[in-house]
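Inspection log for the structure reproduced underneath, given as structure tokens.
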Amino acid sequence: MRDSDAAADSGRRRGRNETEEERADRMWTELIQEVRVAQMGVQILFGFLLTVVFQPKYETLSDTDQTIYLVTVVLGAVTTGALIGPVSLHRLVSGRRVKPQAVRWASRLTVLGLVLLLATTACSLLLILRVATHDGFVPYLVTGVVLWYLLCWFGIPLWTRHRHTAR
């Protein structure tokens with residue numbers, strides 16, 4: 001390869017020149033920032049969900065709506081667990097020289113947390129709209145919102161990864 005070809009190749013090269021540990025440190029920092037955003041959303045939603053059962057209107061909900069509520073609360077609880085999991089993981093393995101592995105597991109927990117957050121949000125929306133409207137269009141509206149979330153949270157990122165990742 002000629003020097004000019006090597007220079008052109010290095011200009012097209014993607015990624016960073018970093019060790020596995022440096023990469024893990026960077027990825028951990030980025031992951032924790034992402035988790036903070038998701039944690040805030042799920043904690044606020046979960047906090048509001050916990051208060052519903054203590055409202056007088058709860059007793060007037062149909063059995064179906066009470067079941068949707070209970071499923072939503074459980075989803076909120078497991079979502080909170082998944083999105084706080086990376087923090088616990090980091091704390092318990094810190095200093096053990098396993099950061100690359102911890103980043104992979106924390107990333108998996110975060111993706112699981114996002115899927116659970118989608119389910120929690122969809123169930124919350126379903127319950128609220130059922131109570132607020134009692135109309136037959138509610139499932140279609142919730143389906144539309146879920147599709148929107150799937151596009152924003154998974155579709156566009158996966159398309160971007162596929163489209164712009166070096167092969």
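Keep in mind the model is a prediction, meaning the values are calculated, not measured.
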List for me each residue that meets side chain to side chain contact (heavy atoms under 4.5 Å, CB included) alongside Phe54, sequence neighbours excluded, and say none if there are none.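 With neighbours one apart ignored, the set is empty.
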
Listed by chain and number, what are the side chain to side chain contact (heavy atoms under 4.5 Å, CB included) partners of Pro100, not counting sequence neighbours?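 Glu20, Glu21, Ala24, Arg104.
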
Atom [atom1] in [X], atom [atom2] in [Y]: separation rounded to 0.5 Å?
X: Gln55; Y: Leu61; atom1: CD; atom2: CG; result: 11.0 Å
X: Leu150; Y: Ile156; atom1: CG; atom2: CD1; result: 11.5 Å
X: Leu117; Y: Thr80; atom1: CG; atom2: OG1; result: 9.0 Å
X: Asp65; Y: Leu70; atom1: CG; atom2: CG; result: 11.0 Å
X: Ser124; Y: Leu45; atom1: OG; atom2: CG; result: 4.0 Å

Would a 4.5 Å heavy-atom cut-off, applied to side chains only, mark [X] and [Y] as touching?
X: Arg16; Y: Arg23; answer: no
X: Glu34; Y: Leu31; answer: yes
X: Leu83; Y: Leu109; answer: no

According to a 4.5 Å side-chain heavy-atom criterion applied to Ile, Leu, Val, Met, Phe, Trp and Tyr, with indirect links allowed, do [X] and [Y] form part of one hydrophobic cluster?
X: Ile128; Y: Val52; value: no
X: Leu151; Y: Val115; value: yes
X: Phe137; Y: Leu127; value: yes
X: Val87; Y: Val42; value: no
X: Ile32; Y: Met40; value: no

Only counting residues at least two apart or in another chain, list the ones meeting ring pair (Phe, Tyr, Trp, His ring centres under 6.0 Å) with [X].
X: Trp105; answer: none
X: Phe48; answer: none
X: Tyr58; answer: Tyr69

Heavy-atom closest pair, residues [X] and [Y]:
X: Cys152; Y: Pro157; answer: O-CD, 3.5 Å
X: Ala102; Y: Leu89; answer: O-CD2, 3.3 Å
X: Ala77; Y: Phe46; answer: N-CE1, 3.5 Å
X: Val142; Y: Ala122; answer: CG1-O, 3.8 Å
X: Leu75; Y: Cys123; answer: CD1-SG, 3.7 Å
X: Val78; Y: Leu116; answer: O-CD1, 3.9 Å

Main-chain N/O of [Y] paired with [X] side-chain donor or acceptor, under 3.5 Å:
X: Glu22; Y: Thr19; result: yes
X: Thr29; Y: Asp25; result: yes
X: Thr60; Y: Lys57; result: yes
X: Ser107; Y: Val103; result: no

Under a plain distance cut-off of 3.5 Å, with no hydrogens placed, do Thr79 and Thr120 share a side-chain donor-acceptor pair?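 Per modelled atom types, Thr120 and Thr79 side chains form a pair under 3.5 Å.
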
With sequence neighbours excluded, give me every side chain to side chain donor-acceptor pair (under 3.5 Å) pair touching residues 131-151.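 Found none.
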
Yes or no on side chain to side chain contact (heavy atoms under 4.5 Å, CB included) for Ser62 and Arg130, after CA distance, side-chain angles and deciding distance? CA-CA 10 Å; Ser62 70; Arg130 281 177 55 90; 4.1 Å; yes

Go through Leu118 and Leu114 one step at a time and tell me if the side chain to side chain contact (heavy atoms under 4.5 Å, CB included) criterion holds. CA-CA 6 Å; Leu118 174 60; Leu114 290 174; over 6 Å; no

Given the rule in the side chain to side chain contact (heavy atoms under 4.5 Å, CB included) test, do Ile84 and Gln43 qualify, once you have shown the distances and angles that lead to the verdict? CA-CA 10 Å; Ile84 293 176; Gln43 288 171 339; 3.6 Å; yes

